[in-house]
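Naming convention: chains lettered A, B, ... in sequence-line order (proteins, then strands); numbering from 1 in each chain. Please read these numbers as outputs of a predicted model, since none were measured by experiment.
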Amino acid sequence: MENIIIQKVVEAIQLLYNENIESKLVQPQKTKKEFTGDLTVVVFPFIKASKKSPEQTAQEIGEYLLKNVEQIEDFNVVKGFLNLSISADYWLEAFQKINTDASFGFAPTSGKTYMVEYSSPNTNKPLHLGHLRNVFLGYAVANILKANGHEVFKTQIINDRGIHICKSMIAWQKFGNGETPQSSGIKGDHLVGKYYVEFDKEQKKEAQKKFDSWKNNHFSTTNPEIIEQYKEGIQDVKEEKISQEDFDKKFFEIAMNRTELHREAREMLRKWEEGDEKVVNLWKKMNGWVYEGFDVTYKTMGVDFDELYYESDTYILGKDVVEKGLEKGVFYQKPDGSIWCDLSAEKMDDKLLLRADGTSVYMTQDIGTAIERYKKHQNLSGLIYTVGNEQNHHFKVLFTILKKLGYAWADGCYHLSYGMIELPEGKMKSREGTVVDADDLMYSIVQDAKSMTQERGHIEGMSEGERENLYSTIGLGGLKYFLLKVDPKKGMVFDPKESIDLNGNTGPFIQYAYARIQSLLAKATQLGYSKSFATVETNDKEIGLIKLLNDYPVVINEAGSLYSPAILCNYIFALVQEFNNFYQTVDILREEDKNKLAFRLQLAENVGKVIKSGMSLLGINVPNKM
RNA sequence: GGCCCGCUAGCUCAGUUGGAUAGAGCAACUGCCCUCUAAGCAGUAGGUCUCAGGUUCGAAUCCUGAGCGGGUCACCA
């Protein structure tokens, strides 16, 4: 419809004023609620061509459109705004198409393939609230891309090696007494996380002892540098060059790095890299526990992956590429032998790619892994990394380097960056135990949903299993919607003391509307009402719903190209608001005109269809009763 | 300090190439269950869109500067 109008407006200006204007200048938009009409054309851009007042220009163009576009049946002019009314027949016809299209809103196959990476956890602790946002976001974006006709591979890279997991391993060896998930009844990832925390606690104790003895001028260390530094530090504090707080922080950190525990963890990492059998076996065992735990969490979350990558496999990648890059002159070498990428042209600091001793850094393996993925999936149109915005700079550098290396596909790489979730008192700190655990949060929100549902739900006649199922549908739906409705780029505050709101603009609000529709349809079937209708007289609430339904394909497209499930959330919410208004002001089953009744049933059915479809793209289920 | 991002109602957020009187939800107040599910609907109140300039028919939106908040600039991952 928009296209027809654009074309006809250009035509009108050509005929009326003998001027050619760019079709870009014609921007039909939805008419605001307080005015009558469906589409509005702003005529200000045309007054240069018409050389007449905005009002008169709008009037003349309006008359032309009324005569020459059959779907337009009326128009009105307010200042420079030309409001056009589209005929009900046009909307009814559009509705027929929606009604008969089983995969309404979804684009035909595009032939493109995308890879979406999300989650990518460390294996030394369980998933937390930040992962929930990450995973729900990545999963929803993957679904939305599929709905846009693309083939999608969902993937994660599991950070299964490194100093962090060694810490858990050391602590378990020292204090674990052979504890296992089976023996303790603790979920595997939580058990490993418990020892990570244990390690930190013990290390802090040891560091504190060391630090205290320094304060008393007892230096057990054989390293005279530390003593010297410390004494200088004290002097600086006296001269107020640094604050006591900064001094404490700095030397506590130094003490931490000089603890026996820290040395042991480093040593274990070294042994792991050598392939020491004992260490590798312990590593496999404890990672195994973590994976069992993650599986349960992912299952509760209702997400999955098509392809897994492990850092223990990929951390070696990239070295040869960097060396080749050096030969080709893309990178340069410093006198100490380290290899760097010059990014001054891009106004960024130079980036280290290989240390002087030839070992790699994070960036090195990211380069290698990206190349690996494009080798494995030829024709990949895009690679989407769902990673927090603290790594914005990292990805900017990564994509720039890939491009410098001559990989044209680097343009298809996209960092799906999202804002951090903060608690009312600030950032979550795993060391301070303020992290909101994913399993705990999901459990408690389902409990909330349970008590709310028992209070006001329509659960009579449901089996115990069906009820439990409903509680988790509502609870998790609420949680997912809560995390997805905010623009990914923005940070958000989460207060664990207040449970997530399940009224208003929420998942359950939408689920409730869906359940009402299903109940309505069931009752209609029971009463033997038909859903087929001839042409009917419509009211503006009905047309309003059709207009919104008609937007669904555009919304999917937009949500896909902007990688934003939030756009879809807002759309579904608006649709439900409109439907609730319709539902509460227009009779459906009580309607005496059976033709109208049938039409309204079918309208409700299609609203339900779109709600279900949209919610499923978000990874949210909808219940038939609640 | 350099670079990046954010700032819209008391709170949480919409507002996509600049368009009409800036919109929702929560919280507050007022109405509505005659069983089409009140987890709902209708209404009231709440705003110098952080501030100051600029661009033009027209700015929350674009430009410049300032303020506040966050991130990053690691031979950490």
Close aromatic pair by centroid cut-off 6.0 Å: A:Trp283 and A:Tyr310
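Ring-ring flag for A:Trp283/A:Tyr310: false, centres at least 6.0 Å apart.
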
Measure centre to centre between the rings of A:Phe573 and A:Phe509, then say whether the value is under 6.0 Å.
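Ring centroids of A:Phe573 and A:Phe509 are less than 6.0 Å from each other.
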
Got a second to check how far [X]'s [atom1] is from [Y]'s [atom2], nearest 0.5 Å?
X        : Y        : atom1 : atom2 : result
A:Gln365 : A:Met363 : CD    : CE    : 10.5 Å
A:Asn595 : A:Ser530 : CG    : OG    : 9.0 Å
A:Ile517 : A:Asn606 : CD1   : CG    : 10.0 Å
A:Phe199 : A:Leu261 : CZ    : CG    : 5.0 Å

Could you tell me whether [X] contacts a base, only the sugar-phosphate backbone, or nothing, with contacts defined as non-hydrogen atoms closer than 4.0 Å?
X        : answer
A:Thr453 : base
A:Pro121 : nothing
A:Val554 : nothing
A:Met492 : sugar-phosphate
A:Asp357 : nothing
A:Gln391 : base
A:Ile47  : nothing
A:Gly419 : nothing
A:Asp336 : base
A:Asn392 : nothing
A:Ser417 : nothing
A:Asn624 : base
A:Lys625 : base
A:Asn83  : base

Say we look at [N] and [M]: how far apart would their [atom1] atoms be, to the nearest angstrom?
N     : M     : atom1 : answer
B:C4  : B:A42 : C1'   : 46 Å
B:A27 : B:C11 : C1'   : 8 Å
B:G19 : B:C26 : P     : 28 Å
B:G31 : B:A20 : C1'   : 31 Å
B:G10 : B:G6  : P     : 22 Å
B:A59 : B:G15 : C1'   : 14 Å

Without decimals, in angstroms, what is the distance between [X] [atom1] and [N] [atom2]?
X        : N     : atom1 : atom2 : value
A:Gln577 : B:G25 : CD    : C1'   : 8 Å
A:Lys485 : B:A14 : NZ    : P     : 10 Å
A:Ile6   : B:U17 : CD1   : P     : 14 Å
A:Asn505 : B:A24 : CG    : P     : 12 Å
A:Met452 : B:G40 : CE    : P     : 8 Å
A:Ile572 : B:A14 : CD1   : P     : 16 Å
A:Gln29  : B:U61 : CD    : C1'   : 14 Å
A:Glu422 : B:G71 : CD    : C1'   : 10 Å

Ring centres within less than 5.5 Å and planes less than 30° apart: is that true of [X] and [N] in this structure?
X        : N     : result
A:Phe573 : B:A24 : no
A:Phe35  : B:A20 : yes
A:Tyr362 : B:C76 : no
A:Phe509 : B:G40 : no

Using the closest heavy atom to pick a nucleotide of RNA chain B for each, name whichever of A:His458 or A:Lys24 lands nearer the 5' end.
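Going by which nucleotide is closer to the 5' end, it is A:Lys24.
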
Nearest heavy atom decides the nucleotide; on that basis, is A:Ser360 or A:Asp501 closer to the 5' end of RNA chain B?
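That would be A:Asp501.
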
Tell whether [X] reaches the base of [N] with its side chain through a donor-acceptor pair below 3.5 angstrom.
X        : N     : result
A:Glu34  : B:U21 : no
A:Gln584 : B:G40 : yes
A:Thr40  : B:A20 : yes

Any [X] side-chain nitrogen or oxygen under 4.0 Å from OP1 or OP2 of [N]:
X        : N     : result
A:Lys167 : B:C76 : no
A:Arg516 : B:A38 : yes
A:Asn503 : B:G25 : no
A:Arg456 : B:C33 : no
A:Lys490 : B:A14 : yes

To the side chain of [X], which of [options] is closest?
X        : options             : result
A:Lys79  : B:A24, B:A20, B:U17 : B:A20
A:Lys32  : B:G19, B:A20, B:C75 : B:A20
A:Asn580 : B:A39, B:G40, B:A14 : B:G40
A:Tyr583 : B:A14, B:C36, B:C75 : B:C36
A:Asp587 : B:C36, B:A77, B:A39 : B:C36
A:Arg355 : B:G71, B:C75, B:C36 : B:C75
A:Val361 : B:C75, B:A20, B:C3  : B:C75
A:Phe81  : B:A20, B:A24, B:C75 : B:A20

Less than 4.0 Å between a side-chain N and a carboxylate O, is that true for A:Glu578 and A:Lys33?
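Judged by the 4.0 Å cut-off on N to carboxylate O distance, A:Lys33 and A:Glu578 do form a salt bridge.
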
Is the closest basic N to carboxylate O distance between A:Glu273 and A:Arg270 below 4.0 Å?
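No, no charged N to carboxylate O under 4.0 Å.
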
Tell me whether B:C33 sits syn or anti, counting syn as a glycosidic angle within 90° of 0.
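Here B:C33 takes the syn form, which means its glycosidic angle is within 90° of 0.
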
I want to check a possible cation-pi pair here: A:Arg161 against A:Tyr315, using under 6.0 Å from ring centre and within 45° of the ring axis as the test.
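Relative to the ring axis of A:Tyr315, which defines the angle, A:Arg161 lies inside both limits.
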
Is there side-chain contact between A:Thr40 and A:Phe35, with heavy atoms separated by less than 4.5 Å?
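When only atoms from C-beta onward are counted, A:Phe35 and A:Thr40 do not touch, as no gap falls below 4.5 Å.
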
Nucleotide opposite B:A14 in a Watson-Crick or G-U pair, distances under 3.5 Å
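Its partner: none found.
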
